[in-house]
Undergrad: 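Dropping the structure in here first, questions after.
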Amino acid sequence: MIGRAAAAQAREMAVMAALAAMAPLGRAGDSVERVIDALLPIAAQIAPTTRPVLLVHGFAGTKSCWFALARALRERSMSVDAMNYSTFGTSVEQLADQLTARVDRLLAETGADKVHLIGHSLGGIVIAQAFADGRLDGQVDTVVTIATPFGGSPWANLCPLGATVRALRHGSPLLRRLAEAPVPDGVRWLALTAARDVIVPGRRSVPRHAEVHSVTVDDVGHVGMLLSPLVVGHIVAALPAHELAVA
């Protein structure tokens, strides 16, 4: 057991190093498709046949962290976009405003009636906040949250730097409000948690809503979930393969 835990943490450090090396690509102004093409080129572009997917990265992340998932989704002819934002000098509420505007723009650009939202860590909290504000009603088909600290993160208690991090402390006013907000009607919600996550340990990454389906992935950590084939597989399976509705 100790050996497996050590191996999982070693993989976690390797993933963090890899994502750090790719971060400059994610900070560029290009779309996530250009980022993915730069990292893992795809031979042919296929017209999307499903509702678009919007990816929301976590604390101190960039859109380049999504390259494994985005490539898998694009191979299924899915349109993929990603938010890029700064964690500092802002709040969860302001990030939720950005997300809402991005969803509106994506729906206008694609002509779809709804989007799928996928958020890692803080990104999932931003999605939940936008729902709690009632600004995404009728615009979202499926939500997938990955290692999202619905129950708070002990690291946020140790280093409460800035409004965004303070909001992620266990029992914070924002997390209490989100816990009381129901899942909107018609929205499917998958919560993915990692058995080796030391940033959001245990069941903290599972919202309290009874309607949420949760899956725990073994031998992977908080950041490693972004590159885990098992996590990518669960997400791909959760999204409809051939469902394009026009608004």
Side-chain angles (χ1 to χ4, degrees), residues 9 11-40 53-73 80-99 101-103 106 116-130 143-150 152-156 159-168 174 191-194 196-201 204-205 217 220-228 231-232 235:
Q9 293 309 313
R11 287 193 296 270
E12 183 82 347
M13 295 301 294
V15 170
M16 292 176 66
L19 294 179
M22 292 185 293
L25 283 172
R27 295 191 184 98
D30 290 335
S31 67
V32 72
E33 284 86 356
R34 285 180 174 268
V35 173
I36 303 311
D37 284 341
L39 295 168
L40 294 167
V53 180
L54 181 58
L55 309 173
V56 189
H57 66 71
F59 182 83
T62 70
K63 56 192 172 188
S64 63
C65 71
W66 293 111
F67 81 94
L69 175 60
R71 186 174 193 270
L73 294 175
V80 183
D81 197 5
M83 268 184 67
N84 224 30
Y85 62 87
S86 173
T87 306
F88 300 101
T90 187
S91 67
V92 172
E93 291 83 359
Q94 290 171 324
L95 294 176
D97 290 339
Q98 294 182 36
L99 171 62
R102 193 62 172 259
V103 169
L106 188 56
H116 304 298
L117 296 177
I118 302 175
H120 175 249
S121 195
L122 172 60
I125 294 295
V126 173
I127 293 171
Q129 177 64 44
V143 172
V144 180
T145 50
I146 308 166
T148 293
F150 295 105
S153 170
W155 291 92
C159 305
L161 304 175
T164 303
V165 178
R166 288 194 294 272
L168 303 181
L174 182 137
L192 294 169
T193 181
R196 305 292 181 183
D197 192 340
V198 298
I199 305 298
V200 186
R204 292 179 183 232
S205 53
V217 179
V220 67
H222 187 78
V223 179
M225 295 187 79
L226 292 167
L227 300 185
S228 166
V231 171
V232 170
I235 295 172

Undergrad: Report the residues that fulfil side-chain hydrogen bond (donor to acceptor under 3.5 Å, both in side chains) with T90, sequence neighbours left out, ordered by chain and then residue number.
TA: Q94
Undergrad: Would you list the pairs meeting salt bridge (charged side-chain N to carboxylate O under 4.0 Å, His left out) in which at least one residue belongs to residues 83-96, sequence neighbours left out?
TA: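 For residues 83-96: E93-R177.
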Undergrad: For A130, give me all partners under side chain to side chain contact (heavy atoms under 4.5 Å, CB included), at least two apart in sequence or on another chain.
TA: A96, L99, T100, L136
Undergrad: Could you tell me which residues satisfy side-chain hydrogen bond (donor to acceptor under 3.5 Å, both in side chains) with T164, sequence neighbours excluded, listed by chain and number?
TA: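 For T164 there are no side-chain hydrogen bond (donor to acceptor under 3.5 Å, both in side chains) partners, ignoring immediate neighbours.
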Undergrad: What I'd like to find out is whether the side chain of H116 reaches to under 4.5 Å of the side chain of V144, using heavy atoms alone.
TA: no
Undergrad: What distance separates R102 CZ from D81 CG, expressed to the nearest 0.5 Å?
TA: 4.0 Å
Undergrad: Mind checking whether L174 and Q129 have side chains closer than 4.5 Å, heavy atoms only?
TA: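 They are in side-chain contact.
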Undergrad: Do you know which two heavy atoms are closest between A82 and K63, and how far apart they sit?
TA: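 For A82 versus K63, the nearest heavy atoms are CB-CB, 3.7 Å.
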Undergrad: Hey, could you give me the CD/CG distance between Q98 and N84, rounded to the nearest 0.5 Å?
TA: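 It comes to 10.0 Å.
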Undergrad: Within a strict 4.5 Å, meaning less than it, do heavy atoms of the V165 and W155 side chains meet?
TA: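 No, side chains not in contact.
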Undergrad: What heavy-atom pair brings V56 and W66 nearest, and what distance separates the two atoms?
TA: O-CZ2, 3.2 Å
Undergrad: Does S228 have any side chain to side chain contact (heavy atoms under 4.5 Å, CB included) partners at least two apart in sequence or in another chain, and if so, which?
TA: V217, V220, L230, V231
Undergrad: R166: what forms a salt bridge (Lys or Arg N to Asp or Glu O under 4.0 Å) with it, not counting sequence neighbours?
TA: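 Partners of R166 by the salt bridge (Lys or Arg N to Asp or Glu O under 4.0 Å) criterion come out as none, since no residue qualifies.
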Undergrad: Are any non-hydrogen side-chain atoms of T145 and F150 less than 4.5 angstrom apart?
TA: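 Side chain of T145 against side chain of F150, heavy atoms only: contact under 4.5 Å found.
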Undergrad: If you round to the nearest 0.5 Å, how far is CD1 of I235 from CG of L55?
TA: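 Nearest 0.5 Å value for the CG-CD1 distance: 8.5 Å.
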Undergrad: If only atom types and distance count, is the side chain of Y85 paired as donor or acceptor with the main-chain N or O of H57 below 3.5 Å?
TA: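 The answer is yes, because a donor-acceptor pair under 3.5 Å joins these two groups.
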Undergrad: Given side chains that start at C-beta, do those of V103 and L117 come closer than 4.5 Å, heavy atoms only?
TA: yes
Undergrad: Determine the minimum heavy-atom distance between P201 and V198, stating which atoms define it.
TA: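 Looks like CD-O, 4.1 Å.
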Undergrad: Could you list the residues that satisfy side-chain hydrogen bond (donor to acceptor under 3.5 Å, both in side chains) with S205, not counting sequence neighbours?
TA: T193
Undergrad: Donor-acceptor check, side chain of T148 to backbone of I125, threshold 3.5 angstrom: yes or no?
TA: no
Undergrad: Provide the closest heavy-atom pair for V200 versus G152 in the form atom of the first, atom of the second, distance.
TA: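 Where V200 meets G152 most closely, the heavy atoms are CG1-O, 4.3 Å.
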Undergrad: I'd like to check the side chain to side chain contact (heavy atoms under 4.5 Å, CB included) partners of A72; sequence neighbours left out, ordered by chain and number.
TA: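 With sequence neighbours excluded, A72 shows a side chain to side chain contact (heavy atoms under 4.5 Å, CB included) to V232, V236, given in chain and number order.
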Undergrad: Can you sort out the partners of F59 under ring-ring contact (aromatic ring centres under 6.0 Å, His included), two or more places apart, ordered by chain and number?
TA: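 F59: ring-ring contact (aromatic ring centres under 6.0 Å, His included) contacts with F88.
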Undergrad: Is there side-chain contact between F67 and L226, with heavy atoms separated by less than 4.5 Å?
TA: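 Answer no - side chains too far apart.
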Undergrad: Please give me the minimum heavy-atom distance between P154 and R204, naming the atom from each residue.
TA: CD-NH1, 3.7 Å
Undergrad: Please report the closest heavy-atom contact between I118 and I127, naming both atoms and the distance.
TA: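 Residues I118 and I127, closest heavy atoms: C-CD1, 3.9 Å.
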